[in-house]
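Presented below is the structure to which this report refers.
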Amino acid sequence: MIFEKLHLAGPDLSNYELGEPVFVYDRGRFLGSLDPIEVSADRSDVHISRFLASPSLGSEQRNFGPLLLVEVTMFLAQRFPSIQTVCFTLTREIEMYGEGMMVAAARSDLLRSIGATDIHVRPKPDSSKPGNFVLQGVWLYTEDNLGALRAALTTQRALYREHLGRIRADKRPVQLLRRLKQWWWAHDGHR
């Protein structure tokens with residue numbers, strides 16, 4: 001099955017309602033959830049914050065963060081016509097200062113690419129580790145920003161497909177070696 005897009009849903013794969021956590025799936029595999037999205041009283045402003053990865057991912061390198069950000073923004077913009085503003089507060093615990101700066105810069109660039117403004121990167125005040133940042137930005141629903149969001153989504157989906165293809169290619173030699181060992185034990189290993 002070839003990746004086309006992330007599946008976003010409410011609890012138990014149900015239809016999503018504003019204010020609920022967003023559950024994220026890739027072809028049926030649970031990747032994690034976004035904290036409940038905060039919604040203004042008139043349902044015109046939403047606030048996206050923390051993503052919690054599924055423990056089943058472990059140390060697996062899936063690299064879907066950029067895709068998730070644009071996928072969720074497009075999902076909200078298309079599904080809820082009352083939304084005019086999407087606010088982001090993005091954090092991530094990272095061990096090293098340099099890596100934290102690179103992640104913050106990449107996220108800033110991604111937000112700019114979809115038309116977000118008022119982007120700020122600040123040190124995370126309550127972090128026990130140096131080099132952790134909070135990134136904030138605001139995306140307004142305009143035709144220009146929607147076009148930028150569509151372009152970024154196409155790009156991020158293609159990059160994610162490439163990433164998954166590299167993972168599968170990297171696993172092939174290991175799988176082949178495992179099959180050869182199994183064959184050897186089945187045919188010559190019992191002599």
Side-chain angles (χ1 to χ4, degrees), residues 1-39 46-80 83 86-95 99-100 102-116 132 135 137 139 145-176 178-179:
M1 180 188 310
I2 294 176
F3 172 82
E4 290 188 30
K5 69 178 189 173
L6 296 177
H7 175 70
L8 308 175
D12 303 320
L13 287 171
S14 64
N15 286 332
Y16 177 76
E17 296 294 328
L18 276 176
E20 294 179 332
V22 177
F23 293 85
V24 181
Y25 299 87
D26 174 1
R27 294 165 292 167
R29 180 159 185 208
F30 178 61
L31 299 179
S33 62
L34 282 163
D35 279 352
I37 293 181
E38 297 173 33
V39 185
V46 294
H47 186 193
I48 296 173
S49 58
R50 190 173 61 147
F51 176 77
L52 298 168
S54 167
S56 70
L57 292 179
S59 62
E60 186 178 325
Q61 296 292 329
R62 244 181 203 276
N63 195 26
F64 61 89
L67 172 61
L68 176 63
L69 183 73
V70 293
E71 195 89 61
V72 167
T73 306
M74 182 61 84
F75 173 77
L76 293 170
Q78 288 181 329
R79 185 121 192 246
F80 302 100
I83 294 176
V86 178
C87 300
F88 303 95
T89 301
L90 309 173
T91 62
R92 181 173 169 199
E93 288 291 324
I94 299 170
E95 294 288 338
E99 189 176 332
M102 288 189 311
V103 169
R107 286 181 172 182
S108 294
D109 291 345
L110 181 61
L111 285 179
R112 280 187 192 86
S113 78
I114 65 171
N132 288 285
L135 176 69
W139 184 84
N145 287 351
L146 197 55
L149 182 61
R150 280 189 189 106
L153 186 56
T154 299
T155 299
Q156 291 303 321
R157 285 176 176 166
L159 290 171
Y160 186 65
R161 268 191 296 276
E162 286 177 28
H163 173 73
L164 293 175
R166 282 192 303 276
I167 289 172
R168 281 191 294 275
D170 289 346
K171 287 182 179 178
R172 283 186 197 129
V174 172
Q175 292 167 343
L176 178 60
R178 190 177 301 130
R179 279 189 243 141

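Keep in mind the model is a prediction, meaning the values are calculated, not measured.
A donor-acceptor pair is defined here as one N or O able to donate and one able to accept, closer than 3.5 Å; such a pair exists between the side chain of Arg161 and the backbone of Phe3.
Classified by interplanar angle (parallel below 30°, tilted 30° to 60°, perpendicular above 60°), the ring pair Phe64/Tyr160 is perpendicular.
Applying the 6.0 Å contact sphere to CZ of Arg50 captures no more than 12 heavy atoms from other residues, nucleotides or ligands.
Residues Leu146 and Met74 have side chains in contact (heavy-atom distance under 4.5 Å, counting atoms from C-beta outward). Inter-residue side-chain proximity for Asp35 and Val22 is flagged as unmet; no heavy-atom pair is nearer than 4.5 Å. Looking at Gln156 and Glu71, their side chains never come closer than 4.5 Å, going by heavy atoms from C-beta outward. Taking the side chain as every heavy atom from C-beta outward, Val39 and Glu17 never approach each other to under 4.5 Å. Side-chain contact between Leu111 and Leu69: present, with at least one pair of heavy atoms (C-beta onward) separated by less than 4.5 Å. At least one side-chain heavy atom of Leu76 sits less than 4.5 Å from a side-chain heavy atom of Ile37. Counting only heavy atoms from C-beta outward, the side chains of Leu68 and Leu31 never approach each other to under 4.5 Å. At a threshold of 4.5 Å between non-hydrogen side-chain atoms, the residues Leu6 and Val72 do not count as touching.
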Passes side-chain contact (heavy atoms from CB on, under 4.5 Å), Leu8 versus Val24? Steps please. CA-CA 5 Å; Leu8 308 175; Val24 181; 3.8 Å; yes

Any chance you could lay out the side-chain contact (heavy atoms from CB on, under 4.5 Å) test for Leu67 and Leu153, step after step, and finish with the verdict? CA-CA 7 Å; Leu67 172 61; Leu153 186 56; 4.0 Å; yes

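Nearest approach of Gly10 to Glu20, heavy atoms of both residues: CA-OE1, 3.7 Å. Across all non-hydrogen atoms, the minimal contact from Ser108 to Leu135 is OG-CD1, 3.3 Å. Shortest non-hydrogen contact noted between Ser56 and Phe30 is OG-O, 4.1 Å. Here the closest non-hydrogen pair linking Ser113 and Ala148 is O-CB, 3.3 Å. When all heavy atoms are compared, the tightest approach of Ile114 to Ala152 is CG2-CB, 3.6 Å. Closest approach of Trp139 and Ala116 over heavy atoms only: CD1-N, 4.0 Å.
Distance check: Tyr25 OH to Ser54 OG gives 9.5 Å after rounding to the nearest 0.5 Å. Rounded to the nearest 0.5 angstrom, Ile48 CD1 and Glu38 CD are separated by 11.0 Å. In this structure, CG on Leu159 lies 11.0 Å from CG on Leu164, to the nearest 0.5 angstrom.
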